[in-house]
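Values below: every heavy atom of this structure, side chains too, minus hydrogens, waters and symmetry copies.
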Amino acid sequence: MKYTTRQKAILLLSDGTIFHGKSMGIEGTTFGEVCFNTGMTGYQEIFTDPSYFGQIMVATNAHIGNYGVNEEDIEADKIMISGLVCKNFSFNHSRANSYENLEDYFKKQNLICISDVDTRALVSYIRDNGAMNAVISTDGKSVEELKALLAEVPDMKGLELASKVSTKEPYFIGEETANYKIAALDLGIKKNILRNLAKRDCYIKVFPFDTTYEEMKAFNPDGFFLSNGPGDPDPLFGAIEIAKKILENDEPVFGICLGHQVLALANGISTYKMFNGHRGINHPVKNEVTGKGEITSQNHGFAVNREELENHPDFEITHLHINDGTVAGMRMKNKNCFSVQYHPEASPGPHDSSYLFDIFIENINKAVKA
């Protein structure tokens with residue numbers, strides 16, 4: 001076995017708390033909102049999920065990198081997290097179908113990672129004190145210098161990030177001869193969402209975040225999809241306007257995560273920044289319609305105001321998060337519209353909620369018959 005000396009590294013939280021670790025090998029300094037994911041597997045999908053853009057990820061799993069990197073396990077064309085904090089970084093990998101190790105993958109994209117951090121203590125601290133901005137540095141900058149730089153980083157609340165991850169030009173997924181045409185608004189869409197739609201005989205045109213409703217409608221879609229994505233939903237005025245026009249015309253629409261929040265805002269229901277958020281692949285949700293429980297993959301730091309939703313005459317809550325009672329799903333009583341605050345496409349995670357894509361297709365069929 002090869003032994004190497006690794007440089008010291010530092011994690012500084014915006015409240016001045018410091019955690020020490022070691023550099024994985026890439027020198028630099030990076031900033032973002034620090035958050036943690038409780039998943040025991042699926043690190044590559046997590047790192048490439050556009051919903052994590054602008055965030056420093058803390059992995060609660062003790063080992064990261066042990067199964068390398070697989071070309072099939074990506075949700076975007078590049079790494080989306082700002083940096084990684086972990087306990088043990090594995091420079092060797094043993095998965096049969098991995099094509100390279102995580103170290104080389106990070107070096108190609110210059111992702112700063114610090115390991116040998118007491119992640120149990122760090123996660124416990126974030127749980128008690130809430131998500132906050134942070135900086136990780138592996139290039140020897142002083143604490144005072146890092147504090148000055150961190151003070152200039154904007155808070156996640158009020159931050160529009162969809163424009164940073166959305167496609168610049170429209171593109172197509174699926175077979176042109178498919179039975180259904182879907183217009184998808186890319187606020188940070190995951191590849192596996194598109195795979196799930198294509199698998200259900202859909203031909204999808206993916207539009208940039210700043211597209212107009214008229215441009216999407218020109219595709220003559222059978223249904224609309226509003227995707228997941230990073231940041232605060234409040235500044236997404238264009239997406240909110242699109243949602244309003246879809247609803248005015250009573251066209252089938254399905255929203256996931258950020259898209260779910262946009263649909264709420266389009267109806268005058270507010271959203272709020274959560275203390276910690278939900279990030280993991282084992283979040284329990286109760287389906288209020290069927291009474292069944294689901295284990296879900298979640299990744300969000302904002303949520304829909306439950307009290308306002310319950311008091312809205314046109315809405316009903318379809319899913320609730322069992323741990324804290326936050327809204328996990330909703331649908332409109334008078335429109336062909338539903339949405340969830342989690343990831344039914346998983347990747348990573350269980351497939352308990354994949355039926356939601358089938359409901360979307362059923363809603364489209366009902367609209368055609370009507």
Would you call Glu248 and Lys244 a salt bridge, using N to O less than 4.0 angstrom?
no

NZ/Lys333: more than 12 non-hydrogen atoms of other groups inside 6.0 Å:
yes

Flag the pair Phe302 / Tyr272 as yes when their ring centroid distance falls below 6.0 Å, and as no otherwise.
no

Side chain to side chain donor-acceptor pair (under 3.5 Å) pairs touching residues 158-169, sequence neighbours excluded, are Glu160-Ser163

Of all heavy-atom pairs between Ser347 and Asn192, which one has the smallest distance, and what is that distance?
OG-ND2, 2.9 Å

Nearest heavy-atom pair of Lys205 and Pro170: which atoms, and what distance?
CE-CB, 3.7 Å

Taking atom types as modelled, is there a side-chain donor on Gln261 or Gln341 under 3.5 Å from an acceptor on the other?
yes

Contact summary for Gly158 and Asp232, nearest pair of heavy atoms
N-OD2, 2.6 Å

His319 vs Tyr342 aromatic rings, parallel, tilted or perpendicular, using cut-offs 30° and 60°?
perpendicular

Glu215 (side chain) donor-acceptor with Thr212 (main chain) under 3.5 angstrom:
yes

About how many Å separate NZ of Lys245 and CE of Met216, when rounded to the nearest 0.5 Å?
12.0 Å

Could you check if a side-chain atom of Leu194 sits within less than 4.5 angstrom of a side-chain atom of Val206, using non-hydrogen atoms only?
yes

Kindly give the heavy-atom pair with the smallest separation between Gly21 and Val117, and that separation in Å.
CA-CG2, 3.9 Å

Compare all side-chain heavy atoms of Lys22 with those of Lys8 and state whether any distance is below 4.5 angstrom.
no

Thr119 side chain to Leu122 backbone, donor-acceptor under 3.5 Å
no

Tell me yes or no: between the side chains of Asn267 and Asp314, is some donor less than 3.5 Å from an acceptor?
no

Please say yes or no: joined through hydrophobic side-chain contacts below 4.5 Å, possibly via intermediate residues, are Val123 and Ile18 part of one cluster?
no

Linked, directly or transitively: Phe47 and Ile281 (ILVMFWY side chains, under 4.5 Å)
no

Do Ile240 and Leu159 land in one hydrophobic cluster if side-chain heavy atoms of ILVMFWY residues count as linked below 4.5 Å?
no

The criterion is ring pair (Phe, Tyr, Trp, His ring centres under 6.0 Å); which residues satisfy it with Tyr171, sequence neighbours excluded?
none

Flag yes if more than 12 heavy atoms outside Gln109 fall under 6.0 Å of its CD atom; otherwise flag no.
yes

Stepwise side chain to side chain contact (heavy atoms under 4.5 Å, CB included) test for Asn299 and His343:
CA-CA 8 Å; Asn299 169 20; His343 287 263; 4.1 Å; yes

Would you check if Ile361 and Tyr180 make a side-chain contact, meaning some heavy-atom pair closer than 4.5 Å?
yes

Whether Asn363 side chain and Pro252 backbone form a donor-acceptor pair below 3.5 Å
no

Do Thr48 and Lys190 have side chains that approach each other closer than 4.5 Å (heavy atoms only, starting at C-beta)?
no

So, Tyr67 and Asp73: side-chain donor and acceptor under 3.5 Å apart, yes or no?
no

Arg195 with Glu345: basic N within carboxylate O range, under 4.0 Å:
no

Go through the steps to decide whether Ser115 and Arg6 satisfy the test side-chain hydrogen bond (donor to acceptor under 3.5 Å, both in side chains), and finish with yes or no.
CA-CA 10 Å; Ser115 65; Arg6 292 194 284 137; 2.7 Å; yes

Parallel, tilted or perpendicular: which fits the ring planes of Phe360 and Phe338, with parallel below 30° and perpendicular above 60°?
tilted

Side chain to side chain contact (heavy atoms under 4.5 Å, CB included) between Tyr99 and Glu71: does it pass, once the steps are laid out?
CA-CA 7 Å; Tyr99 70 93; Glu71 289 182 340; 3.2 Å; yes

Is there a chain of hydrophobic side chains (I, L, V, M, F, W, Y, each step under 4.5 Å between heavy atoms) that links Tyr105 to Phe53?
no

With a cut-off of 6.0 Å (strictly less than), are more than 12 heavy atoms of other residues, nucleotides or ligands near CD of Glu214?
yes

Taking atom types as modelled, find out whether Glu294 and Ser353 have a side-chain donor-acceptor pair closer than 3.5 angstrom.
yes

Determine whether Ile364 and Ile182 satisfy the following criterion, side chain to side chain contact (heavy atoms under 4.5 Å, CB included), listing intermediate values before the conclusion.
CA-CA 10 Å; Ile364 290 173; Ile182 307 297; 3.5 Å; yes

Could you check whether His278 and His300, counting side-chain N and O atoms only, form a donor-acceptor pair closer than 3.5 Å?
yes

Arg200 and Asp358 ion-paired at < 4.0 Å
yes

Check whether Asn228 reaches the backbone of Gly188 with its side chain - one donor and one acceptor, N or O, closer than 3.5 Å.
yes

Could you tell me which non-hydrogen atom of Ile295 sits nearest to which non-hydrogen atom of Pro350, and how far apart they are?
O-CG, 3.0 Å

Taking atom types as modelled, is there a side-chain donor on Glu362 or Tyr355 under 3.5 Å from an acceptor on the other?
no

Any donor-acceptor pair under 3.5 Å from Thr138 side chain to Ile26 backbone
yes

Are the side chains of Leu146 and Ile10 in contact, using a 4.5 Å heavy-atom criterion?
yes

Donor-acceptor side-chain pairing of Asn66 and Ser90 below 3.5 angstrom:
no

Report yes if some heavy atom in the side chain of Tyr43 is under 4.5 Å from a heavy atom in the side chain of Leu102; otherwise report no.
yes

Does Cys35 offer a backbone N or O that forms a donor-acceptor pair with the side chain of Arg279 under 3.5 Å?
no

Judged by modelled atom types alone, do His321 and Thr326 share a side-chain donor-acceptor pair under 3.5 Å?
no

Salt bridge present between Lys217 and Glu251 (N-O < 4.0 angstrom)
yes

Go through the steps to decide whether Lys87 and Thr60 satisfy the test side chain to side chain contact (heavy atoms under 4.5 Å, CB included), and finish with yes or no.
CA-CA 8 Å; Lys87 175 61 178 173; Thr60 61; over 6 Å; no

N/O donor-acceptor pair under 3.5 Å between Thr296 side chain and His283 backbone:
yes

Would you say the side-chain atoms of Ser98 pair up with the backbone N or O of Glu100, donor to acceptor, closer than 3.5 Å?
no

For Val165 versus Asp186, what's the shortest heavy-atom pair and its separation?
O-OD2, 4.3 Å

Quick test of your reading of the model: are Asp139 and Lys141 salt-bridged, counting only N-O distances below 4.0 Å?
yes

Tell me, do Phe315 and Ile317 make a side-chain contact under 4.5 Å, heavy atoms counted?
no

Does Glu308 reach the main-chain N or O of Ser270 with its side chain, forming a donor-acceptor pair under 3.5 Å?
yes

Backbone N or O of Gly293 within a donor-acceptor pair of the Asn287 side chain at under 3.5 Å?
no

Ion pair present between Lys273 and Glu33, side-chain N to carboxylate O less than 4.0 angstrom?
yes

Residues His20 and Asp116: side-chain donor-acceptor under 3.5 angstrom:
no

Phe225 vs Phe254 aromatic rings, parallel, tilted or perpendicular, using cut-offs 30° and 60°?
perpendicular

Counting C-beta onward and ignoring hydrogens, is there a side-chain heavy-atom pair between Ile79 and Ile81 closer than 4.5 Å?
yes

Any link between Tyr203 and Leu197 through a network of hydrophobic side chains (Ile, Leu, Val, Met, Phe, Trp, Tyr) touching at under 4.5 Å?
no

